[in-house]
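Here the structure comes first, spelled out in structure tokens, and everything after it is commentary.
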Amino acid sequence: MKKLILLSSFFISTIYAHECKYTLNVDVDMDKGLLRGNAVIASDHPTMQLLDTKANISEIKGASLSVDKNIQNLLKHDKAKSVEISFTHNFTPIDGDAVLLDNWYPQVDMMCRYETVVKSSNIITVAEATKIVEEKGSTRFIFDYPLDKLNIIASKNYIKNSTLTKDGMTLSTYFYQNDSNLSQIYLKKSREYFDIYKSMFGFLPFERFSIVETPFPAGYSMPTYTLIGKQIIDKEFVLNSSLGHEIAHQWFGNYVYSPNIGNWVEGITTYYSDYLYAKNENRAADYRKDMLIKYDSYVNLNNEITLIDFEHKTKNSKNAIGYEKSAFFFYMLEQKIGKKAFDNGTKMLLERYPFKVATYENLREIYEKTSGKELGSFFQTWVYEKGAADFSINNTALTFVENKYILEFDIASNNKADYLPLSICSSEECLSTKIDLTKKRQRLELDIEPTKIVFDENYELFRKLSTQEVPAVISKIIDGNALLVINRDDEKRFSKFTKIFKNFKYSDTVTFDEIKNSNIFILGAKNELLKRIVLPFNMQGDAKIELFKNPLNEAHVIAVLEMNELSKSIFYKLQHLGKYSTVIFEGEKVVEKTIKPSQKGVVYNINSGSYALKPVPQKLNDVIDEIAKNRVVYVGENHTDFSSHLNQLKIIKAMYKNNPMLSIGMEMFQKQFQKHLDEFVSGKIDEKEMLKKTEYYKRWKYDYELYRPILLFAKEKQIPIVALNIDREITKKVVNGGFDSLSKEQLAEVPDSINFDNAKYKEQLKEVYSLHQSERFENFEQFYHAQLLWDESMAKNMVDFMQKNPDYSMAVLAGNGHIMHGHGIPSRAKRRGITDYKIVLNLTNPEPGIADYMLYPSGIATQKVKKLGIYFESDDALRVKKVAENSVAQTAKIEEGDKVLAFNQIEVNNLFDLKTELAFAKKSSTLTLERDSKKIDIDIEFSE
């Protein structure tokens, strides 16, 4: 990092108009923490602005001090004479060190050539200098070029080591005793970096360079030296990256200067250091993705700035702009104009602006000259405007014409890029190309059958990442804007953390809406919220943090942190580990750090291709015994196909034969009606009463004849029927208002944990939603939450029964979608302890891993449900709205406007009552109507 100073706009405009020679004589008293100084400033300008300073000025000669609107001006008595200022500065020594970086001397608003004499007999001093002259009792530092400010580092503790390179450059280290053994490796590594950059840029900016250790974690670069904190000086990343970054600053920032506002130096330095090293290790695309992840983690609509507004390193959001976005800008610039033009432009920049300020506009003019290309719109988009490139596609179509596949799709973008790289992949190979983003409809002719499109997998554009591309990483929560969640009994243990974060809540008060719309930081491995949303956090080491994708909103994350002993310093260390998903500590030492995998590029799957199976057909009877011996058998169904239900019955009978302690779990019944199923099985009520009391036709609606053989067998053998489903009223409320809309009583019926974290299941449900459910639900999220509520409730209810009845096995009857791949009920029951099971599906398309057994029954029918052929005004108002052609009702001369009162003399008040009676109707029945205010009976004849 190049240490910058705040410069006035007046200074920027007049920087080259006037000469300035600044001579400093200082005496550093380390024991007293006192610096005495005398400054002599020679300038041809009659006035100079005195910048903010912590120096105590005791005398000014040759000028008077004038203050106007809090601006201090030195008004010279004689334009040709120098101004002399005597001053002192109090500082706090840090273990015998003085680090004087900001506002310690009377600084003026001009670049000056500095000559500094430091008097002290017992300290070693470092300052900006192209020449150093050791004198008796003092050291003279001469910097021959205009400099914006001067810094001094002094210490009683330094051990100096130096070497001379083959280019005649003096390299030195100023390290503390404990770290002096690192000197040679730093000198060797510095030689390597200077060799790299001399080869690239053609020259060395200075004849000397020093690495100076400081008592605080620094990473600053000044002309001719850099500061590195003792806390990190032995770290591998400093030698392999940070040191090179600071050395690159000797060309960018310390040789060619950047304005304070519109600071491009950090971007080009990052590009020529950190990014260059990654590129040399074949990690260029990964590094570009890391830059986009930082941007995604820290930058939002509220804190985003443009490159032209970036000043210097302050907070993470600005750093993601000034370092990451700016470095990516230089990468895209090189791609746009070509490597040769870019390299020539960089050399021209260094030739034209030595020890001068260059702006983005100056850069544009230079790179236009070396490339011969107009770059105004490119600079306008990326330097003067906020944001990243973004795009989406829809209306994908695949056709096969004249021996070629034709892939078409619409693409919409925000016009920040002209092209978009993509790969089109078949099951065997990928083809790469670029598409013109100015065209909405894209048409690609292919010799391969495409299975997916992958956009920008090598991260060539500065763009918004899709949620699938962003791993759950610490940087998402480290700024302190996450919602901190603790258990009430952990409040005292984590009290220091609750003061760091703006918002914290107790785990039992966090709503699903807050989870969905926030990054969550959970403290404690036993946090109640972990159980509610089923996050698989396993404690390791003395302290561990692990990040998960927020299962309710993949754009957010959930972090879990546990410590055996509370350590605030570990928390602050996390600020330097932002790119990782999991970090494990032993004591305060990092012993493991990993990044969870994420998608590479934006992937759109294309429905194409076919599965090939080599069938080995077996009769169900040949495998039914091995199916039946499992404790739980999930038997899926196509709800309206009787042959599916007949297979269910066959498996139930086989399981009963294997173990008479059998139960049948049924999706078709809701838990609150369990007692009525028990009454039916025990013979206390008959079928009709059971259907009425369980509200079968109101809540399930499918023809009872489909399930009747199963229920009658259960009654005959006294097999418990377990109502698996949750109250439909609760599901409705969740669909319309989310989980937070439920009352306390309703929440008590909801499973205490719901696993949202199954991306494959979510994708499967998205396909189901688009094909079958989009008309029933306003959006996918409604359907998704309803499906998870059904799955978790059915899993919990079946497990509750089996835990209370450990000798029982169970046949679970549910729709194929609830059990295929094990994503729905099986995985959630497994989480609760049911591990001995098999999955059987009926009449569904085969896919790898979809089930243990696939059944394809011959079509077998059962007796048809009896229908009148009447359309009613509503389910609760049995007034005839329409009579179907050629129906029983038309034959019986039922008329529009008639109101149905009873069936076979049994009162019916709604459609569900009527359907129940029809289920048990004989061939000849009687319908009681109200017509013209009169009650009449009409004979009904059903066909066989």
Derivation and outcome, side-chain contact (heavy atoms from CB on, under 4.5 Å), residues D542 and M563: CA-CA 6 Å; D542 295 323; M563 299 179 178; over 6 Å; no
Does a salt bridge link [X] with [Y], judged by any charged N lying under 4.0 Å from a carboxylate O?
| X | Y | result |
| --- | --- | --- |
| K701 | E695 | no |
| K796 | D800 | yes |
| K516 | D513 | no |
| D913 | K692 | no |
| K531 | E528 | no |
| K715 | E687 | no |
| E767 | K760 | no |
| K899 | E873 | no |

Mark yes or no: K838 above the aromatic ring of Y634, with NZ or CZ under 6.0 Å from the six-membered ring centre and no more than 45 degrees from the axis.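 Checked: cation-pi criterion not met.
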Within-4.5 Å side-chain heavy-atom neighbours: [X] and [Y]:
| X | Y | answer |
| --- | --- | --- |
| E592 | V583 | no |
| Y506 | T509 | yes |
| V812 | M798 | yes |
| V840 | D852 | no |
| Y704 | L711 | yes |
| M802 | V722 | no |
| S475 | Y580 | no |
| L918 | T916 | no |

Over all heavy atoms of both residues, which pair between [X] and [Y] is shortest? Give the atoms and the distance, please.
| X | Y | answer |
| --- | --- | --- |
| G524 | L530 | O-CD1, 3.8 Å |
| E917 | I906 | OE1-CD1, 3.5 Å |
| L724 | G665 | CD1-C, 3.5 Å |
| V534 | S753 | CG2-CB, 3.7 Å |
| I721 | Q674 | O-NE2, 2.8 Å |
| P471 | I293 | CD-CD1, 3.5 Å |

Testing R699, K671, K733 for salt bridge (Lys or Arg N to Asp or Glu O under 4.0 Å) with D727, which one passes?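 Of the listed residues R699, K671, K733, the salt bridge (Lys or Arg N to Asp or Glu O under 4.0 Å) partner of D727 is R699.
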Quick one about [Y] and [X] (side-chain donor to acceptor, distance below 3.5 Å, no hydrogens or angles considered), yes or no?
| X | Y | value |
| --- | --- | --- |
| N550 | E554 | no |
| E637 | Y707 | yes |
| D641 | S644 | yes |
| H821 | E847 | yes |
| Y853 | E626 | yes |
| E667 | H818 | yes |
| S507 | R488 | no |

Relative to each other, are the rings of [X] and [Y] parallel, tilted or perpendicular (30° and 60° limits)?
| X | Y | result |
| --- | --- | --- |
| Y761 | H823 | tilted |
| Y784 | F780 | parallel |
| H785 | F756 | perpendicular |
| F801 | Y808 | perpendicular |

[atom1]-[atom2] distance between [X] and [Y], expressed to the nearest 0.5 angstrom:
| X | Y | atom1 | atom2 | value |
| --- | --- | --- | --- | --- |
| Q648 | M666 | CD | CE | 7.5 Å |
| D489 | N487 | CG | CG | 5.5 Å |
| L547 | N519 | CG | CG | 9.0 Å |
| D875 | N909 | CG | CG | 13.5 Å |
| D807 | M661 | CG | CE | 5.0 Å |
| F521 | I545 | CZ | CD1 | 4.0 Å |

Show the numbers, then the answer: is there a side-chain contact (heavy atoms from CB on, under 4.5 Å) between V908 and L878? CA-CA 9 Å; V908 291; L878 297 184; 4.0 Å; yes
Ring pair (Phe, Tyr, Trp, His ring centres under 6.0 Å) evaluation trace for F912 with Y697: CA-CA 5 Å; F912 315 116; Y697 279 107; 8.3 Å; no
More than 12 heavy atoms from other groups under 6.0 Å of NZ on K657: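 No, NZ of K657 has 12 or fewer neighbouring heavy atoms, counting only those of other groups under 6.0 Å.
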Within the supplied structure, the quantity of interest is the number of heavy atoms (other residues, nucleotides, ligands) at a distance under 6.0 Å from K881 NZ; does it exceed 12?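 Check fails, neighbour count at 12 or below.
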Might you work through the side-chain contact (heavy atoms from CB on, under 4.5 Å) test for T582 and K596, ending with a clear yes or no? CA-CA 8 Å; T582 303; K596 292 185 176 180; 4.0 Å; yes
Full working for side-chain contact (heavy atoms from CB on, under 4.5 Å) between L813 and I664: CA-CA 7 Å; L813 312 185; I664 304 172; 3.9 Å; yes
Pairing residues for A795 by the side chain to side chain contact (heavy atoms under 4.5 Å, CB included) criterion, not counting sequence neighbours: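 So A795 forms a side chain to side chain contact (heavy atoms under 4.5 Å, CB included) with I825, R828, A829, R832.
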Short side-chain to backbone donor-acceptor contact, N816 and N842, under 3.5 Å: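 Pair found, side chain donor or acceptor close to backbone of N842.
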